[in-house]
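What follows is a short report on a single structure.
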Amino acid sequence: MVARRPDNVIILTGGLTGSSALAGLLSAAGFWSGEGTFRKRDYNTYENSELIRLNRQLMQRAGTGEEYTMGFLPQAIDRVAPLAAAEDPREYRALVAECDSHAPWLWKDPRLWLTIRFWAGLLDWSR
């Protein structure tokens, strides 16, 4: 019997919820969080730096601003999602391919709950 590798993990949270602790546990269990991860002054958040960059880029192009941790913004989701049909997908696909090459991987970024509908068409949801 061949052992099946664990599925990838996406943590969808607006932040300030303890998700860095969860991501740290998953990282310790072997889930890849990126070549470079974002570090706050006193701890590692386990957020893939390239994922953060691309999510910020999406939010900037959608004109949503950076207020995403303390409020639910359905209009921001509605502005980011259509970018899936408008953006050149190469750099987004490159990140997915890089992550897949290190599977199982972990995505955590407090912006991700706003951008996940953009990413949805680029991800293998069976994993």
From CG (Asn48) to CD (Glu35), nearest 0.5 Å: 9.0 Å
State whether the side chain of Arg127 and the backbone N or O of Asn8 hold a donor-acceptor pair below 3.5 Å, judged by distance alone. no
Strictly distance-based, threshold 3.5 Å: is any side-chain N or O of Arg79 a donor or acceptor partner for the main-chain N or O of Gly63? yes
ILVMFWY cluster, Trp119 and Ile10 together (side-chain gap under 4.5 Å): yes
Cluster overlap Leu26 with Trp107, hydrophobic side-chain contacts below 4.5 Å: no
Between Pro110 and Glu47, which heavy-atom pair has the shortest distance, and what is it? CD-OE2, 3.4 Å
Answer yes when Arg93 and Glu98 have at least one side-chain N-carboxylate O distance shorter than 4.0 Å, and no when they do not. no
Run Tyr92 and Glu50 through side chain to side chain donor-acceptor pair (under 3.5 Å) and show every step you take. CA-CA 9 Å; Tyr92 303 96; Glu50 180 65 0; over 6 Å; no
Positive for side chain to side chain contact (heavy atoms under 4.5 Å, CB included) with Val96, one of Asp124, Leu122, Leu51: Leu122
Treating Ile, Leu, Val, Met, Phe, Trp and Tyr as nodes and any side-chain heavy-atom pair under 4.5 angstrom as an edge, say whether Trp105 and Leu12 lie in one connected cluster. yes
A quick test of your reading: do over 12 heavy atoms of other residues, nucleotides or ligands sit less than 6.0 Å from CD of Gln60? no
Out of curiosity, Leu25 CG to Ser20 OG, how far, rounded to the nearest 0.5 Å? 11.0 Å
Among the clusters formed by ILVMFWY side chains lying less than 4.5 Å apart, do Ile52 and Val9 turn up in the same one? no
Spacing of Leu106 atom CG and Cys99 atom SG [to the nearest 0.5 Å]: 9.5 Å
Atom pair CG (Leu58) and CD (Glu87), whose distance is rounded to the nearest 0.5 Å: 6.0 Å
Residues Thr64, Val80; criterion side chain to side chain contact (heavy atoms under 4.5 Å, CB included); working and verdict: CA-CA 8 Å; Thr64 63; Val80 171; 4.0 Å; yes
Do Trp32 and Pro104 touch side chain to side chain, with heavy atoms closer than 4.5 Å? no
Output the distance between atom CZ (Phe118) and atom CE (Met59), rounded to the nearest 0.5 Å. 13.5 Å
Given Glu91 and Arg53, is the side chain to side chain contact (heavy atoms under 4.5 Å, CB included) satisfied, shown in steps? CA-CA 11 Å; Glu91 63 184 332; Arg53 184 187 75 76; 2.8 Å; yes
Hydrophobic cluster identity match, Leu95 and Ile11, side-chain contacts under 4.5 Å: no
Atom pair CG (Leu114) and CD (Gln75), whose distance is rounded to the nearest 0.5 Å: 9.5 Å
Is Asp78 salt-bridged to Arg117, cutoff N-O under 4.0 Å? yes
Full working for ring-ring contact (aromatic ring centres under 6.0 Å, His included) between Phe31 and Tyr46: CA-CA 10 Å; Phe31 287 79; Tyr46 300 93; over 10 Å; no
Test side chain to side chain donor-acceptor pair (under 3.5 Å) on Ser33 and Lys108 and set out the steps. CA-CA 8 Å; Ser33 58; Lys108 177 203 171 271; over 6 Å; no
